[in-house]
Amino acid sequence: MITNAQSRTAVDEIAEGIYRIHTPIDLPDGRGFSFNQYLLVDDEPLLFHTGGRALFPLVSEAIGAVLPIERLRHVAFSHTEADECGALNLLLAAAPAAAPLCSRVAAMIGSDGFDRPARVLADGERLALGRHTVQWFDTPHVPHGWDCGLLMDTTTRTFFCGDLFTQGGDGAEALTEADILGPSEAFRAPLDYFAHAPQTAATLERLAREQPRTLACMHGSAWRGDGGALLRRLAEAVGAKR
């Protein structure tokens with residue numbers, strides 16, 4: 001569903017009750033890129049990634065096409081970065097009952113910039129939203145910031161994998177079963193955004209053991225398949241290019 005014809009912002013359901021909000025952009029060098037947010041609709045609706053402040057009108061419009069934005073209860077993000085949480089306070093203003101949802105470290109280093117206290121999730125902690133339950137995983141320095149964490153919907157096995165598997169291009173296909181590792185590695189090659197921390201391989205293996213079935217990527221298409229196998233292939237690729 002296109003929610004804004006001018007920006008080509010679109011909303012698509014990629015798993016039961018989980019909607020990808022997608023806005024393509026043109027980079028200064030002419031290449032395409034995209035930003036995704038994910039809306040989990042339940043008794044306590046959750047948004048993962050806010051987008052930058054400039055995207056707020058488009059993101060809020062897209063949320064409103066699915067549910068009243070005032071119903072949001074959780075505004076979650078992986079780490080402190082403009083496309084992750086830039087529009088956080090704008091969303092909190094639009095959703096009076098919502099709170100930031102993030103890692104302990106993200107709250108420690110960023111809470112002075114939050115207009116509302118954060119709901120902090122510890123590593124491995126679960127949060128029931130209604131029909132869905134999400135689980136938080138601390139992933140420091142994977143792929144980069146020390147406050148990084150990622151979220152899994154344990155009900156649908158949808159993994160909100162943030163900057164892992166970042167793909168260039170306009171990402172018009174909402175959900176694919178085609179290869180995304182090749183395109184994401186090609187995008188990473190000229191500007192490697194992985195921190196290459198000592199625990200990177202172990203972190204990716206831990207995530208692989210959760211056996212996700214859908215990967216909700218922040219940039220590019222979401223992906224459906226054997227997520228554990230793909231995460232192990234990513235670990236091999238990252239290790240080989242250190």
Side-chain angles (χ1 to χ4, degrees), residues 1-14 18-39 47-63 77-88 90 139 141-145 148 150 158-196 200 204 214-225 227 230-231 233-242:
M1 168 174 64
I2 298 290
T3 56
N4 189 291
Q6 183 175 2
S7 67
R8 296 173 291 154
T9 301
V11 176
D12 294 276
E13 190 172 14
I14 62 159
I18 299 175
Y19 296 83
R20 171 190 184 247
I21 298 171
H22 169 77
T23 303
I25 66 165
D26 294 319
L27 296 175
D29 62 6
R31 293 181 300 161
F33 197 56
S34 64
F35 293 94
N36 301 324
Q37 299 79 39
Y38 291 92
L39 178 64
L47 184 73
F48 197 71
H49 311 307
T50 72
R53 288 182 297 170
L55 283 183
F56 173 73
L58 301 174
V59 173
S60 59
E61 181 180 35
I63 293 170
F77 59 93
S78 169
H79 54 277
T80 306
E81 194 173 351
D83 56 357
E84 289 278 356
C85 58
L88 172 63
L90 294 170
T139 63
H141 303 294
V142 180
H144 31 252
C148 269
L150 297 169
T158 297
F159 177 38
F160 301 98
C161 60
D163 287 321
L164 303 181
F165 304 105
T166 289
Q167 307 144 58
D170 65 7
E173 189 173 3
L175 182 64
T176 184
E177 296 181 1
D179 175 44
I180 62 169
L181 179 60
S184 69
E185 286 299 284
F187 185 85
R188 185 170 71 89
L191 185 62
D192 190 354
Y193 47 84
F194 267 75
H196 297 283
T200 296
L204 292 173
T214 302
L215 302 181
C217 305
M218 186 179 186
H219 306 288
S221 300
W223 183 85
R224 181 170 56 203
L230 194 62
L231 284 161
R233 289 175 57 204
L234 174 61
E236 292 173 1
V238 171
K241 294 182 181 180
R242 285 194 66 177

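Note that the numbering runs from 1 along the sequence shown for the chain.
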Side chain to side chain contact (heavy atoms under 4.5 Å, CB included) filter on Ala222, not counting sequence neighbours, yields Ile14, Tyr38, Leu175

To the nearest 0.5 Å, atom CD of Glu236 lies from atom CZ of Arg233 at 8.5 Å

For Gly32 and Leu27, which heavy atoms make the closest approach, and how far apart are they? O-CD1, 4.2 Å

Give the intermediate values and the outcome of side chain to side chain contact (heavy atoms under 4.5 Å, CB included) for residues His141 and Thr200. CA-CA 8 Å; His141 303 294; Thr200 296; 6.0 Å; no

Quick one: pull up OG1 in Thr214 and CZ in Arg20 and give me the separation to the nearest 0.5 Å. 13.0 Å

With a 4.5 Å limit on heavy-atom distance, are the side chains of Val142 and Cys148 in contact? no

Residue pair Phe160 / Ala216: nearest heavy atoms and the distance that separates them: CD2-CB, 3.8 Å

Just verifying a value: how many Å separate Leu47 CG and Tyr19 OH, rounded to the nearest 0.5 Å? 14.0 Å

Taking side chain to side chain contact (heavy atoms under 4.5 Å, CB included) as the test, write out the residues that go with Thr166, two or more places apart. Phe33, Asp163, Phe187, Tyr193, His219

Those residues at least two apart in sequence (or on a different chain) that pass side chain to side chain contact (heavy atoms under 4.5 Å, CB included) with Pro57 are none

I want to check something: taking the side chain as every heavy atom from C-beta on, are Met218 and Leu164 in contact at a cut-off of under 4.5 Å? no

Backbone N or O of Ser221 within a donor-acceptor pair of the Asn36 side chain at under 3.5 Å? no

On a heavy-atom basis, the closest approach of Leu150 and Cys161 is CD2-C, 3.7 Å

CD (Glu13) and CE (Met1) are apart, to the nearest 0.5 Å, by 10.0 Å

Atom pair CD1 (Ile63) and OG1 (Thr3), whose distance is rounded to the nearest 0.5 Å: 10.0 Å

Between atom CD1 of Ile18 and atom OG1 of Thr158, what is the distance when rounded to the nearest 0.5 Å? 3.5 Å

Applying side chain to side chain donor-acceptor pair (under 3.5 Å), can you list everything that pairs with Arg53, at least two apart in sequence or on another chain? none

Judged by atom type as modelled, is there a donor-acceptor pair below 3.5 Å linking the side chain of Ser184 to the main-chain atoms of Phe165? no

Minimum heavy-atom distance between Val59 and Thr50, given as atom pair plus value: CG2-O, 4.0 Å

Test side chain to side chain contact (heavy atoms under 4.5 Å, CB included) applied to Ala235 - qualifying residues, sequence neighbours left out: Leu204

Could you tell me whether the side chains of Thr23 and Thr9 share a donor-acceptor contact shorter than 3.5 Å? yes

Once salt bridge (charged side-chain N to carboxylate O under 4.0 Å, His left out) is applied, what residue pairs with a partner in residues 166-177 remain, sequence neighbours excluded? Glu177-Arg224

Run through Gln37, Glu84, Glu81 and flag the one making a side chain to side chain donor-acceptor pair (under 3.5 Å) with His49. Glu84

Non-hydrogen atoms of Leu55 and Gly51 that approach each other most closely: CD1-CA, 4.4 Å

So which atom in Ser34 and which in His22 form the shortest heavy-atom distance, rounded to 0.1 Å? CB-CE1, 3.2 Å

